[in-house]
Amino acid sequence: MPETPGQPGGAADGSGPPVEPRRIATISLHTSPLDQPGTGDAGGMNVYIVEVAKRLAERGVAVDVFTRATGLGQPPEVEMAPGVTVRHVSAGPFGALDKDTLARHLCPFIFGVLRTEARNEPGHYDLVHGHYWLSGRAGAVAAQRWGVPLVQSMHTLAKVKNVSLADGDVPEPEVRVRGEDHLVRSADHLVANTADEAAQLVRYYDADPARVTTVPPGVDLDVFTPGSRAASLRRIGLPEDAELLLFVGRVQRLKAPDVLMRAAARLLQRDPSLRGRLVVAVVGGLSGRDAAEPRRLTELARSLGIADAVRMEPPRSRTELAHYYRAATATVVPSYSESFGLVAVESEACGTPVVAARVGGLPTAVSDGVSGVLIDGHDPDDYARVLHRMITEPAWRDSLGAAAVGHAAGLSWSATVDGLLGVYRGTLAGSPLPVAANQ
Ligand code: UDP
């Protein structure tokens, strides 16, 4: 709790003392902050919610995270960290449900959230923060019922995804597009991860720019630290002379791990002396529609003649991941669409440069020519050329790695929480937010 809590809802003209939130309801319908990131639908948004909730609580703002229960044995509430409670709400059948199906279970989820809150004193929550459109739809009803503001983070946008689909990918459904359109109008304030996302909200959804604030996500600089590459290679079971090209994340077409594999095959054609030393590691679990094609990437590796160089690794804990980043020559993020790209910043914080597609938040996460290289498009030859240079010009690669540490140091979760608290205070006070926040 804050030492001197303000009066949420007061100072409507923004002239009074800052209005401090004391307790917020965070909605994360489709994926739980307790899930291992890199598994199923759990990814950057989970990491974001966990890191932000912990730090908000440390600053005296209690956080309840409402998520859908996926198992019979789950307790109704779990204390994730001091001041952070995860509340499991029954809605639909237990077990994982794909996001399209989840849209049909919104009503019972909303009912569960309202029923949970009804056990508290009126005015328990000062504000609702929805993450992803499904949560926003639930959050909008809860916020209206409780008479508090709704702050919404979309994380990804259907209209943006639909203009940058990978080959064979299925467009996002119309129900999501309509849901996001509605949410842009009903939320009191929208939080974008990057200036690019803020501009997309305005361009594709006609959002009012005065109600959009950019707050970049961060990186845990205690976990993701530089370290010895040779020791890390040994730690993950590779020889010290290996050249490791790393992919980390949910394995799905949109993130294009196949582009990395094709690039590795081109690289070996270009420089056969690397055969036996070049390793491609894909760390993460199958996600979304890709779960239906579990053998797609291993079959691709075989058809490219690089099966012996490819390691498909299960999702790893964050501490374990740090060893992979430190061991890598480069982390490759060839996504077709990426709302921010936490993986890129984690790699940089570990001193490993990133080779990424110039899409979405990646130009923010990666400083082109400084902490890595951004590539236009998804031609494997372009990736192979840059990766080959990183292998054959280690001094250049190392200078990028050193600068990467500095770049990542500018992106802390603490700064994210500063930005979010600014949004919460401004929204509670009903005052327009500083234009400077909309970079
Ligand atoms: N991640 C993880 N273990 C894994 C794979 C991924 O902890 O095995 C984490 C990764 O460290 C990152 C997040 O999942 O923090 C993925 O976030 P990103 O923004 O890169 O992608 P998103 O999932 O949001 O599309």
Side-chain angles (χ1 to χ4, degrees), residues 28 30-52 54 99 131-133 135 153-158 160-161 164 166 169 172 192-194 196-197 215-225 236 246-257 260 281-291 311-328 331-350 352 354-357 359-366 372 408 411-413 416:
S28 177
H30 79 278
T31 165
S32 165
L34 301 173
D35 292 342
Q36 161 68 50
T39 314
D41 279 332
M45 195 183 98
N46 302 64
V47 173
Y48 184 109
I49 290 173
V50 170
E51 299 292 345
V52 162
K54 282 191 311 199
K99 289 185 226 162
H131 292 271
Y132 194 68
W133 78 276
S135 303
S153 298
M154 295 294 202
H155 293 279
T156 64
L157 295 166
V160 175
K161 270 190 161 182
S164 45
D169 222 347
E172 290 298 310
N193 284 333
T194 61
D196 197 44
E197 188 192 336
V215 181
V219 59
D220 187 336
L221 296 167
D222 294 327
V223 172
F224 297 104
T225 54
I236 63 168
L246 179 65
F247 172 97
V248 174
R250 295 175 293 132
V251 176
Q252 51 179 224
R253 280 176 194 264
L254 201 70
K255 289 192 177 274
L260 168 57
V282 175
V283 182
L286 293 167
S287 170
R289 295 174 187 126
D290 277 43
R311 285 173 51 156
M312 300 295 295
E313 305 266 340
R316 300 289 183 195
S317 72
R318 314 197 49 70
T319 356
E320 224 12 60
L321 263 189
H323 295 296
Y324 280 81
Y325 289 128
R326 287 179 204 127
T331 300
V332 186
V333 189
S335 310
Y336 287 92
S337 165
E338 194 70 60
S339 76
F340 183 69
L342 291 181
V343 159
V345 189
E346 291 163 2
S347 171
E348 291 169 334
C350 290
T352 296
V354 179
V355 179
V359 298
L362 289 169
T364 305
V366 179
L411 290 160
S412 70
W413 288 115
T416 308

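In listed order, ligands and their atoms are each counted from 1. Starting from 1, each residue takes its place in the sequence as its number.
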[atom]: nearest protein contact (heavy atom, Å):
| atom | answer |
| --- | --- |
| atom 24 (O) of ligand 1 | Gly44 N, 3.1 Å |
| atom 19 (O) of ligand 1 | Leu342 N, 2.9 Å |
| atom 21 (O) of ligand 1 | Lys255 NZ, 3.1 Å |
| atom 14 (O) of ligand 1 | Pro37 CB, 3.5 Å |
| atom 8 (O) of ligand 1 | Arg316 N, 2.7 Å |
| atom 7 (O) of ligand 1 | Arg318 NH1, 3.0 Å |
| atom 10 (C) of ligand 1 | Glu346 OE1, 3.4 Å |

I'd like to check which ligand 1 atoms, numbered from 1 as shown, lie under 4.0 Å from a non-hydrogen atom of [X].
| X | answer |
| --- | --- |
| Glu338 | 21 (O), 25 (O) |
| Gln36 | 2 (C), 3 (N), 7 (O) |
| Pro315 | 8 (O) |
| Val343 | 10 (C), 12 (C), 20 (O) |
| Val248 | 5 (C), 6 (C) |

Between [X] (side chain) and [Y] (backbone), is there a donor-acceptor pair under 3.5 Å?
| X | Y | value |
| --- | --- | --- |
| Thr416 | Pro216 | yes |
| Ser287 | Arg250 | no |
| Thr39 | Gln36 | yes |

Legend entry - ring pair (Phe, Tyr, Trp, His ring centres under 6.0 Å) involving His30 - partner list, sequence neighbours excluded: Tyr132
Legend entry - Glu313 heavy atom under 4.0 Å from ligand 1: no
